[in-house]
Q: 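First the structure, which I've put down as structure tokens, then a few questions once you've had a look.
Computed from a prediction, not measured in an experiment: that's the story for all the values here. For this chain, numbers begin at 1 and follow the sequence in order.
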Amino acid sequence: MKITTTLITALSLATTPVLASDVVRISGWGGNDLVVVNSLLNEVLADDIRAAGITVRYEPVEGDFAQYLTNALSAGTAADVFYVDSFWGAPLFRSGAIAPVSNANQAVADALIPALNEAFMYNGQLMGLAKDFNTLALQFNKDIFDDAGVAYPTMDDTWHDFRSKLQAVSTNLGDVHGICVVPDYARFAAFALGTGWSPFNEQGHTVLDDRFRDAFEFYTTLPDQGAGVMAADVGQGWMGGCFGDETTAVAIEGSWISGFLRDQAPSMQYGTVGIPVHPGTGERGNLIFTVSWSVANDSQVKDSAHKLIELLMSPKAQQWVLESGLALPSRESLGNNPYFNGTGQEAEISRVVFNGASDGYVEPFAFAQYGGDWKSIMDEALGAALLKERTIDDAIRHAQQQFDRLTGR
């Protein structure tokens with residue numbers, strides 16, 4: 001993995017510092033985040049960082065950031081401030097290598113969408129502040145629905161409405177499928193959680209009960225019902241790919257799909273609504289994908305590290321992130337921002353995805369200390385049922401046996 005270092009040392013020299021002139025190292029992955037973080041540090045927050053007497057050294061990492069961070073924390077060479085993904089954060093929290101959110105930053109935590117804080121709770125302590133997030137939403141191709149003579153999906157659609165519309169599109173157009181499904185809990189969960197099922201019960205065990213079976217059958221039989229197709233059968237690996245090449249009428253993705261569509265299907269007219277509600281509970285399910293700013297427990301500049309996070313999470317910084325269209329801010333109050341009232345399709349997808357964090361049964365994309373081991377069992381069961389390698393009941397029974405060994409019962 002490659003580490004790129006950006007110095008903004010000059011910022012700390014111009015004024016009398018409020019705190020000691022500490023050098024705070026921060027790291028995260030590179031890619032598009034390079035632009036975001038560099039702009040935040042050098043354009044949006046430069047005066048505030050200078051006033052706080054902090055010198056920031058930014059070290060973006062190109063490659064496997066989770067592996068880099070694990071190794072760096074073990075070796076005592078980690079940055080003072082870094083990203084932690086909710087998916088793989090629990091083992092790091094359990095190791096004691098990460099400091100809880102400071103009392104000084106409690107006001108920031110209180111201002112965030114509550115479900116985002118839940119993603120970083122460990123043993124009753126908040127271990128990081130969610131810097132931004134995504135949820136799932138339903139995107140639909142307006143031209144395809146118009147050509148098929150089928151009403152657009154709506155926020156009020158139940159699972160049955162959703163399936164009926166997809167069946168009608170497929171029937172009326174013939175060469176277009178309703179949706180492409182993938183054997184991936186990261187998409188199936190939108191239905192499983194809507195039933196009121198939870199990945200872990202109060203004892204911390206995974207129990208695949210009748211609510212789970214309801215969602216499992218609905219999702220894995222969409223192709224059989226004439227409402228969809230396996231993504232692999234149309235040469236794709238994700239729902240967005242099927243949607244982008246107009247093989248399917250809808251996709252279930254987060255706001256990340258907007259950039260992909262801007263590049264791959266710039267003329268597509270699409271809309272976005274929430275995940276269909278379960279006909280029994282009347283609720284929709286959703287996942288939160290999020291990353292925190294967290295602090296190394298052995299940092300020698302811990303107070304300044306927490307102060308830097310406070311600045312990175314400030315209303316000014318989050319407003320800039322939102323208006324840049326680069327990510328969704330985590331402050332709850334920004335849900336009323338005028339940006340979300342825009343009529344463009346990218347403003348609409350941002351609005352629906354933002355509201356998804358507080359609408360229905362929402363869980364973080366995290367599986368306690370089990371991480372990928374837990375998700376692999378679920379993905380295997382979905383794949384076995386979709387490919388007809390196992391019946392629905394056999395796939396669930398087999399997965400339950402694996403979960404019993406992993407989480408107990």
Side-chain angles (χ1 to χ4, degrees), residues 86 108-120 129-140 142 152-159 161-162 165 186-196 198 215 239-240 243 250-261 270-279 281-292 313 315 317-366:
S86 64
V108 179
D110 292 343
L112 305 187
I113 296 171
L116 299 183
N117 287 332
E118 292 173 14
F120 298 105
L129 295 175
K131 72 182 190 68
D132 51 36
F133 73 100
N134 243 291
T135 68
L136 297 170
L138 177 70
Q139 298 83 37
F140 60 94
K142 293 181 177 179
Y152 294 160
T154 74
M155 291 294 291
D156 297 325
D157 281 353
T158 68
W159 290 7
D161 300 324
F162 172 64
K165 290 179 179 179
R187 299 297 176 273
F188 162 67
F191 298 96
L193 299 176
T195 67
S198 176
M239 290 187 183
F243 187 69
V250 307
I252 295 174
E253 298 290 347
S255 65
W256 54 77
I257 196 175
S258 60
F260 169 77
L261 294 175
Y270 67 93
T272 304
V273 295
I275 302 297
V277 301
H278 181 253
T281 65
E283 300 285 354
R284 62 187 107 248
N286 218 323
L287 287 174
I288 287 181
F289 305 87
T290 183
V291 175
S292 73
M313 298 292 298
Q318 291 247 303
Q319 180 78 30
W320 178 84
V321 168
L322 173 61
E323 293 179 352
S324 300
L326 298 170
L328 291 178
S330 44
R331 283 183 172 266
E332 192 168 28
S333 62
L334 287 175
N336 298 320
N337 191 278
Y339 174 82
F340 288 122
N341 297 324
T343 56
Q345 51 199 26
E346 293 193 10
E348 182 180 56
I349 193 171
S350 295
R351 178 172 66 251
V352 176
V353 167
F354 185 92
N355 291 337
S358 309
D359 184 4
Y361 298 123
V362 184
E363 293 277 347
F365 187 60

Q: Where do G335 and F340 come nearest, in terms of heavy atoms and distance?
A: O-CD1, 3.7 Å

Q: Between I252 and M239, what is the shortest heavy-atom contact and its length?
A: N-SD, 3.4 Å

Q: Would you check if the side chain of T158 reaches a backbone N or O of H278 as a donor-acceptor pair within less than 3.5 Å?
A: no

Q: Any idea which heavy atoms bring A115 and A357 closest together, and the distance?
A: CB-O, 3.7 Å

Q: How long is the straight-line distance from CZ of R187 back to CD1 of I275, given to the nearest 0.5 Å?
A: 9.5 Å

Q: To the nearest 0.5 Å, tell me how far Q319 CD sits from S333 OG.
A: 9.0 Å

Q: How many angstroms lie between atom CZ of F188 and atom CG of L193, to the nearest 0.5 angstrom?
A: 8.5 Å

Q: Indicate yes or no: at least one non-hydrogen side-chain atom of W159 is less than 4.5 angstrom from one of T195.
A: yes

Q: Working to the nearest 0.5 Å, report the span between CG of L328 and NZ of K131.
A: 11.0 Å

Q: Could you report the tightest heavy-atom contact between I288 and T135, atom names first, then the distance?
A: CG1-CG2, 4.0 Å

Q: Contact between F120 and S86 at the side-chain level, heavy atoms closer than 4.5 Å - yes or no?
A: yes

Q: What's the shortest heavy-atom distance between V352 and A137, and which atoms?
A: CG1-CB, 3.8 Å

Q: Does a side-chain heavy-atom distance below 4.5 Å link R284 with L136?
A: no

Q: Looking at G194, is its backbone amide N or carbonyl O close enough to the side chain of T281 to form a donor-acceptor pair, meaning the two atoms are under 3.5 Å apart?
A: yes

Q: Would D157 and V273 count as a side-chain contact (heavy atoms from CB on, under 4.5 Å) here? Give the steps.
A: CA-CA 9 Å; D157 281 353; V273 295; over 6 Å; no

Q: Could you check, using the six-membered ring where one of them is a Trp, whether F243 and F140 have ring centers closer than 6.0 angstrom?
A: no

Q: Sub-3.5 Å donor-acceptor pair from the side chain of E118 to the main-chain atoms of E363, do we have one?
A: no

Q: Taking the side chain as everything from C-beta on, heavy atoms only, tell me whether Q318 gets closer than 4.5 Å to S330.
A: yes

Q: Of all the heavy-atom pairs spanning N117 and A109, show the shortest one and how long it is.
A: ND2-O, 2.8 Å

Q: To the nearest 0.5 Å, what is the distance between OH on Y339 and CZ on R351?
A: 10.0 Å

Q: Strictly distance-based, threshold 3.5 Å: is any side-chain N or O of N134 a donor or acceptor partner for the main-chain N or O of S255?
A: yes

Q: Which is it for D161 and D156 under the side-chain contact (heavy atoms from CB on, under 4.5 Å) test, yes or no, and what are the steps along the way?
A: CA-CA 9 Å; D161 300 324; D156 297 325; over 6 Å; no

Q: Using a 4.5 Å cut-off on heavy atoms from C-beta on, say whether the side chain of M313 contacts that of L112.
A: yes

Q: Return the set of residues passing salt bridge (charged side-chain N to carboxylate O under 4.0 Å, His left out) with E283 (not counting sequence neighbours), or none when no residue passes.
A: none

Q: If you define the side chain from C-beta out and look only at heavy atoms, does anything of Y270 sit under 4.5 Å from I257?
A: no

Q: Under the salt bridge (Lys or Arg N to Asp or Glu O under 4.0 Å) rule, what pairs show up with a residue in residues 331-350, not counting sequence neighbours?
A: R262-E346

Q: Are the side chains of F354 and I113 in contact, using a 4.5 Å heavy-atom criterion?
A: yes

